[in-house]
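Note sheet for the following structure.
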Protein chains: 2
Amino acid sequence: MGSSAKEEARIADALCKAVLERKLAPGSKLPEEELAQIFRSNRAKIRRVLLLLSRSHIVTLEPGRGAFVSRPSPQEARDVLASRRLIEVSLLARPYRQLSAQGAERLRRIMMQEAQAHAAHDAIAMIYLSGQFHLTLIEELGNKVLKSITGELILRMSLIITMYERQNTTCCLSSDHHDLLELLGAHDYAEASALMARHLEGIESCLDFHREPATTTILSQILQPLKD
Amino acid sequence: MGSSAKEEARIADALCKAVLERKLAPGSKLPEEELAQIFRSNRAKIRRVLLLLSRSHIVTLEPGRGAFVSRPSPQEARDVLASRRLIEVSLLARPYRQLSAQGAERLRRIMMQEAQAHAAHDAIAMIYLSGQFHLTLIEELGNKVLKSITGELILRMSLIITMYERQNTTCCLSSDHHDLLELLGAHDYAEASALMARHLEGIESCLDFHREPATTTILSQILQPLKD
DNA sequence: TCAACCATTATTGTTTACAATATCAAGCCC
DNA sequence: GGGCTTGATATTGTAAACAATAATGGTTGA
């Protein structure tokens, strides 16, 4: 059975989800044996997953020392942010196609879930849904390749925000998503693009690259609930 | 010694180079044992390389059947082309920084090599240098993340062109690179961006997605000279 | 008391052999 | 004769044992 790829995808997704939800802090060690136990897998599969994640810059492999959750440098962080800005802002300014009725509906549905998560003070759900909103937008106005590229950038942004976020800041204004959808419904892409630029700059303004955070974080209880 | 990563990078680079130079046709089978012999390596390393290349969409792993050079579908091809166009055209329109004197010098050097390759009718060198020109441009006006993203897209474009190129067409007008550099030297980014759009559209117009090409290609003699 | 050194332990990296699967060819039935 | 089944072969996939390396802790000597 070719279920091995599926199982590895499951493990990789669980790790990515943990990164996305800010549970796995940058710098955390990822011991192979321990991960194998947590996911009821074996070292070989874990090893392949870590190799793939290292290619996505989510994990850093240090030869002889093992795998760690990546700690993007300030420069890398700036580059990731700027790249994402370029893609999303430019796509909105000149989308490959108009936003369809179904597309608008998909986005509206996500936005409503965001509102629910906001009301429930579910920060984790809000982070996830915010990403989904952006990715769906890109898929609707752009294509799957851009979506996959941006998906990786969003994942890296999670690490960046975890490392460099200022205290007492409330990032990710979900009200922007509402306004964005309204502009897109009116096919005012120029204004939507400008709003997206402000939206992303808003996120960036919450970051402070001067403080070198001591994100030595630990693991097993945090990952334990992921195994199912 | 941590030389294993280096060796795997060497093998991956050789395979990518072969794809770039259109020597490895899409659909070609990549048997692990044979690759191990060609590169004087072992199956385990080859296996890791193929896994990584599959993540870059250069190689497709079919469970139980092995690794093949990817055959991008017409839809994937269109998406890759459009994504690259978005990134390069947008970056030129609003670069992160002005083109520096050193940057212009780097580009000029590549362009001169292109002219030499053109004079020598060295098609392979021309393909490689054209890619280098675009990547250097992105690094100078943008950043390393965008460069790496575009590098992967260019690699995928090689597969696409191999599969869908019309007969008797001369793609990649190197004269465009000359004009581009001139516009950038004058800091006329709007015009440079427009030229880049035409340049990339020119490449796309050489493609024909209707013909399903029988690119069942073979391997060992083609890869043999790569082993050194 | 602290620092350097050495032995121990744990973790990673590699190789090997083995199991599973797909491919191919011949034979057989229709 | 064509297509299907069946066995042989080759290739991929997996597991386990082994080797190498880095982290750990304790000892020794100043």
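Below, read A as the first sequence line, B as the second, and so on, with proteins coming before strands; counting in each chain starts at 1.
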Notebook entry, point to check: How would you label the contact of A:Ala44 with the nucleic acid (heavy atoms, under 4.0 Å): base, sugar-phosphate, or nothing?
Noted result: nothing
Next item on the list: Could you tell me which non-hydrogen atom of B:Asn42 sits nearest to which non-hydrogen atom of B:Ala36, and how far apart they are?
Entry: C-CB, 3.8 Å
Item checked: Closest non-hydrogen atom pair between B:Pro72 and B:Ser70, with its separation ->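 Scanning both residues, the minimum pair turns out to be CD-O, 3.4 Å.
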Margin query: So for B:Arg43 and D:dG13, does any side-chain atom that can act as donor or acceptor lie under 3.5 Å from a complementary atom in the base?
Written below: yes
Using atom [atom1] of [X] as one end and atom [atom2] of [N] as the other, report the distance to the nearest whole Å.
X       : N      : atom1 : atom2 : result
A:Glu32 : C:dT11 : CD    : P     : 11 Å
A:Phe68 : C:dT11 : CZ    : C1'   : 11 Å
A:Leu51 : C:dT14 : CG    : P     : 11 Å
B:Leu61 : D:dT14 : CG    : P     : 12 Å
B:Arg48 : C:dT12 : CZ    : P     : 14 Å
A:Lys45 : D:dG13 : NZ    : C1'   : 9 Å
A:Lys6  : D:dG13 : NZ    : P     : 16 Å
A:Glu8  : D:dT14 : CD    : C1'   : 11 Å

Next item on the list: Could you tell me how the ring of A:Phe209 sits relative to the ring of A:Tyr164: parallel (under 30°), tilted (30 to 60°) or perpendicular (over 60°)?
Entry: perpendicular
Notebook entry, point to check: For the residue pair B:His177 and B:His134, does the interplanar ring angle fall in the parallel (under 30°), tilted (30 to 60°) or perpendicular (over 60°) class?
Noted result: perpendicular
Check: Side-chain N or O of B:Arg65 less than 4.0 angstrom from OP1 or OP2 on C:dT23?
Finding: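 For B:Arg65, the contact criterion (side-chain N or O under 4.0 Å from OP1 or OP2 of C:dT23) is met.
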Check: Any side-chain N or O of B:Asn42 less than 4.0 Å from the OP1 or OP2 oxygen of C:dT15?
Finding: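 Yes, B:Asn42 has a side-chain N/O under 4.0 Å of OP1/OP2 on C:dT15.
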Next item on the list: Would you mind checking if A:Arg156 and A:Glu152 are paired as a salt bridge, meaning a charged N to carboxylate O distance below 4.0 Å?
Entry: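 Result for this pair is no, no salt bridge flagged.
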Next item on the list: Among C:dT12, D:dT11, D:dT14, find the nucleotide with the atom closest to the side chain of B:Lys29.
Entry: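 The nucleotide sitting nearest to the side chain is D:dT11.
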Check: Where the side chain of B:Arg47 is defined as all heavy atoms beyond and including C-beta, which of D:dG13, D:dA15, C:dT14 is the nearest nucleotide?
Finding: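 It is D:dG13.
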